[in-house]
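Here's the structure, in structure tokens; my notes come after.
Worth knowing before you read on, the calculation uses all heavy atoms, side chains too, and leaves out hydrogens, waters and symmetry mates.
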Amino acid sequence: MVAKSRAFKSDIYVFMDTETILLPDFVLALNYAHKLDDDWLLFASPRDVPNFPFYLDEDRKHWLKDGQRIRIQELQDTLGSSWQWSCCDSRMVIAWNNGEMPLHHGVLPPFLYGKGVYNHWLINEALSSGLRFVFDASWTISNIALGDSSYQSNCFVKSSNVSDIEKGSWEYDCNSHLAAVYGLSSLHGFNYSAVMKLVKCDGRYLLINATEDFLHTYAYKRKSLWKRHIPKCRRSKTTLACVVRTIKTQNETSGCSLKDGSVHTKTLKLSYSLESLLAITADENKTVVLTVAGYSYKDMLMSWVCRLRRLRITNFLVSSLDYETYQFSVMQGLPVFNDPSAPSNISFNDCHFGTECFQRVTKVKSRLVLKILKLGYNVLLSDVDIYWFKNPLPLLSTFGPATLAAQSDEYNQTRPINLPRRLNSGFYYAHSDAPTISAMGKVVRHAATSGLTEQPSFYDTLCGEGGSTRKGDNRCVEPGTNLTVHFLDRNLFPNGAYLGLWERKNVKSACKKQGCLVLHNNWISGRVKKLERQVISGLWDYDITTRMCLV
């Protein structure tokens with residue numbers, strides 16, 4: 001969200017919660033900040049209001065109370081006697097100018113929006129980095145947060161006036177973990193009482209630092225902004241009284257500061273089982289897209305995820321082969337589950353086609369597909385090295401029950417695509433029905449006793465050894481269950497050796513011209529070579545350095 005905001009040519013960027021109410025003093029404060037000489041970042045803590053008796057008229061231009069229009073000043077005076085500070089809340093307002101300096105050093109981790117921590121992390125990182133002038137505008141911006149107990153949690157701060165706020169969900173644990181391991185805030189924290197405050201006294205804005213008795217009337221350049229004093233003899237009594245009141249209210253909120261980074265040792269774990277994730281992610285046809293990945297393929301996993309998100313496909317699940325992939329996926333906000341049957345003590349850096357590791361890992365996929373089918377969900381299994389140009393599900397779902405649609409690994413253009421051992425088990429669609437479940441059970445049992453990968457087990461079980469149950473050039477039938485295996489059109493679902501597509505000068509253009517729905521990055525040995533080929537071709541949707549999807 002922060003990165004995408006830079007795509008807008010605006011002088012000022014503002015992040016706020018949609019459930020808060022901002023009054024006109026918000027715009028006035030921004031007008032003042034816009035005149036500052038330095039790049040800046042301001043924040044305003046919310047003011048909790050348990051009772052808000054006001055509402056907008058039909059034109060949504062004026063506030064009403066008991067049917068009568070009221071002035072903004074009257075509204076603010078009424079609220080002034082009832083609100084309480086909530087410095088430890090997700091409803092902070094944060095704004096910054098479109099300047100030359102970044103907000104902070106390093107990268108912004110992938111915090112889950114609306115789940116706490118990130119506002120305070122951003123403020124602390126900006127303070128730690130020292131690239132911008134950071135100030136607290138809580139006294140000049142009426143950031144009204146209506147009473148809502150659900151917002152009294154999910155903040156990652158020490159607080160003297162908020163108790164027991166850290167009892168949160170896995171999303172909160174994930175955000176607190178990220179805050180602890182990213183950036184300078186993991187090393188030390190800041191107490192907000194030491195931050196410059198923007199106040200308005202006698203009709204003019206003042207920047208004060210009560211801890212050092214600084215008082216400034218306007219925007220000086222950075223050196224003078226931090227050093228120049230206004231002599232006490234030039235301060236009016238009303239101004240001093242206003243400053244004293246601000247200092248007094250500041251003491252009420254001075255207990256807020258970022259906690260230390262000890263939380264990062266906590267084990268991250270989703271509170272969802274496979275069954276509950278299926279219920280959440282499956283589409284209206286009870287179909288899910290399943291992929292399986294180990295840690296050495298985490299970047300390719302994220303490129304795959306980014307591509308699906310670009311296509312607005314959200315019904316996908318990730319099965320992690322190790323705890324590192326599980327934790328990485330949780331921190332990326334992916335619907336992930338850990339498969340307890342996955343092989344252990346394997347080296348994923350060397351886990352590529354032809355290795356013993358690869359043979360063991362591939363057999364995990366068919367077991368998972370069978371399990372999901374038994375739970376009543378259709379499955380599209382896709383390896384992470386398959387690039388999606390378009391959503392193939394509308395076409396695949398037309399095959400209906402008792403049909404397994406799979407990619408062909410045959411590269412010769414003149415030969416049948418259902419020849420022996422040419423069924424690719426890295427991309428297939430299986431419908432949840434009795435024939436498919438029974439046939440998949442046979443595949444799993446055959447693979448369990450085989451010293452090869454699961455791929456030969458698919459073909460030998462479903463099409464017979466040597467292709468004895470082949471039908472025509474693109475099908476075969478499993479006689480015991482009467483399941484039909486349909487080998488997909490290679491022009492729509494090409495493998496990595498078909499038509500030399502990966503060797504084309506412009507792979508993306510060639511595939512789009514041909515009408516490809518997907519393109520498999522197989523028929524290449526080694527993870528590094530596979531990764532290089534995909535990145536160089538431009539079929540890559542993930543920025544490894546920022547851990548964000550490419551725009």
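The aromatic rings of Trp523 and Tyr411 sit perpendicular to each other, their planes meeting at more than 60°, with 30° as the lower class boundary. Under the 30°/60° scheme for interplanar angles, the aromatic rings of Trp121 and Phe111 are found to stand perpendicular.
Residue Glu454 holds its CD atom at 10.0 Å from CG of Leu423, rounded to the nearest 0.5 Å. Here the straight-line distance linking atom OG1 of Thr281 with atom CG of Leu317 works out to 3.5 Å at 0.5 Å rounding. Residue Arg415 holds its CZ atom at 5.0 Å from CD of Glu410, rounded to the nearest 0.5 Å. Rounded to the nearest 0.5 angstrom, Leu462 CG and Thr469 OG1 are separated by 8.0 Å. Summarising the geometry, atom CG belonging to Leu517 is positioned 9.0 Å from atom CG belonging to Leu488; distances are rounded to the nearest 0.5 Å. Of the inter-residue distances, the one linking Ser509 atom OG with Gln514 atom CD reads 11.5 Å to the nearest 0.5 angstrom.
The closest donor-acceptor contact from the side chain of Arg307 to the backbone of Phe389 lies under 3.5 Å. Between the side chain of Asp543 and the backbone N or O of Met548, no donor-acceptor pair lies under 3.5 Å. Looking at Asn98, its side chain does come within 3.5 Å of a backbone N or O of Ser10 through a donor-acceptor pair. Under the 3.5 Å distance criterion, the side-chain polar atoms of Arg422 are left unmatched by any main-chain donor or acceptor of Ile417. A donor-acceptor contact shorter than 3.5 Å links the side chain of Ser5 to the backbone of Val2. Put simply, the side chain of Asn175 gets close to the backbone of Gly116: a donor and an acceptor are under 3.5 Å apart. Using modelled atom types, one side-chain atom of Thr453 and one backbone atom of Gln455 make a donor-acceptor pair closer than 3.5 Å. Without hydrogens or angle criteria, Arg310 side chain to Val305 main chain gives no donor-acceptor distance under 3.5 Å. Side chain of Ser432 to backbone of Leu373: a donor-acceptor contact under 3.5 angstrom is found. Between the Thr481 side chain and the Ala439 main chain, no donor and acceptor come within less than 3.5 Å of each other.
A distance below 2.5 Å between sulfur gamma atoms is not met by Cys516 and Cys511.
Contact check on Glu478 versus Lys442 returns a salt bridge, with a Lys/Arg side-chain nitrogen under 4.0 Å from an Asp/Glu carboxylate oxygen. Ion pairing of Asp541 with Arg309 is absent here, as no side-chain N (NZ or NE/NH1/NH2) approaches a carboxylate O to less than 4.0 Å.
The shortest side-chain heavy-atom distance between Thr291 and Phe316 does not fall under the 4.5 Å cut-off. Asp17 has its side chain out of reach of Met92: every pair of non-hydrogen atoms, C-beta onward, lies at least 4.5 Å apart. No side-chain heavy atom of Asn124 sits under 4.5 Å from any side-chain heavy atom of Leu122. In this structure the side chain of Cys463 reaches within 4.5 angstrom of the side chain of Phe487, judged on heavy atoms. Between Tyr377 and Leu290 the shortest side-chain heavy-atom distance does not fall below 4.5 Å. The shortest side-chain heavy-atom distance between Trp304 and Tyr542 does not fall under the 4.5 Å cut-off. With a 4.5 Å cut-off on side-chain heavy atoms, Asp383 and Lys365 count as touching. Looking at heavy atoms from C-beta onward, His486 lies out of side-chain contact with Leu404 at the 4.5 angstrom threshold.
A donor-acceptor contact closer than 3.5 angstrom links the side chains of His446 and Ser457. No side-chain donor-acceptor contact under 3.5 Å links Asp385 and Asn521. If you check the side chains of His520 and Gln407, you find a donor sitting under 3.5 Å from an acceptor. Inspection of the Tyr323 and Gln327 side chains reveals an N or O donor paired with an N or O acceptor under 3.5 Å. Side chains of Asn285 and Thr287: a donor-acceptor N/O pair is absent below 3.5 angstrom, by distance only. For Asn491 and Tyr498, the side-chain atoms include at least one donor-acceptor pair closer than 3.5 Å. Between the side chains of Thr436 and Asp433, a donor-acceptor pair is found at a separation under 3.5 Å. Under the 3.5 Å distance criterion, with hydrogens and angles disregarded, no donor-acceptor pair is assigned to the side chains of Asn495 and Arg490.
Here the shortest heavy-atom pairing between Leu112 and Tyr118 reads O-CE2, 3.6 Å. Counting all heavy atoms, side chain and backbone alike, Ser366 lies closest to Val444 at O-CG2, 3.7 Å. Heavy atoms only, all atoms of each residue included: Asn391 and Ile313 are closest at CG-CD1, 3.6 Å. Taking both residues in full, the closest heavy atoms of Gly467 and Pro420 are given as N-CG, 4.1 Å, listed atom of the first, atom of the second, then distance. In plain terms, the two heavy atoms of Ser329 and Leu301 that are nearest each other are OG-CD2, 3.9 Å. Residues Asn418 and Tyr459 share a closest heavy-atom pair of O-OH, 2.7 Å.
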Check your understanding: Yes or no on salt bridge (Lys or Arg N to Asp or Glu O under 4.0 Å) for Asp460 and Arg421, after CA distance, side-chain angles and deciding distance?
Key -> CA-CA 7 Å; Asp460 291 353; Arg421 302 285 176 90; 2.8 Å; yes
Point to revise | Residue pair Lys508, Leu539: steps toward the side chain to side chain contact (heavy atoms under 4.5 Å, CB included) verdict | key: CA-CA 7 Å; Lys508 181 178 293 187; Leu539 303 184; 3.7 Å; yes
Point to revise | Verdict with supporting geometry, Tyr429 and Leu393, side chain to side chain contact (heavy atoms under 4.5 Å, CB included) | key: CA-CA 9 Å; Tyr429 177 82; Leu393 279 171; 4.1 Å; yes
Check your understanding: Do Trp388 and Leu311 pass the side chain to side chain contact (heavy atoms under 4.5 Å, CB included) test, and can you show the C-alpha distance, the side-chain angles, and the key distance before you say yes or no?
Key -> CA-CA 9 Å; Trp388 292 34; Leu311 295 174; 3.8 Å; yes
Point to revise | Trace of the side-chain hydrogen bond (donor to acceptor under 3.5 Å, both in side chains) decision for Gln534 with Ser537 | key: CA-CA 5 Å; Gln534 191 157 336; Ser537 71; over 6 Å; no
**Study point:** side chain to side chain contact (heavy atoms under 4.5 Å, CB included) assessment of Ile94 paired with Ile123
**Key:** CA-CA 9 Å; Ile94 296 182; Ile123 295 168; 4.2 Å; yes
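Between Trp96 and Phe15, a ring centre-to-centre spacing shorter than 6.0 Å is recorded. Side-chain rings of Phe493 and Phe427 approach one another, their centers coming within less than 6.0 Å. For Phe458 and Tyr428, the ring centers sit closer than 6.0 Å to each other.
Exactly one of Asn338, Asp339, Thr325 qualifies for a side chain to side chain donor-acceptor pair (under 3.5 Å) with Ser320. That residue is Asn338.
Dense packing is recorded around OH of Tyr13, with more than 12 heavy atoms of other residues, nucleotides or ligands lying under 6.0 Å away.
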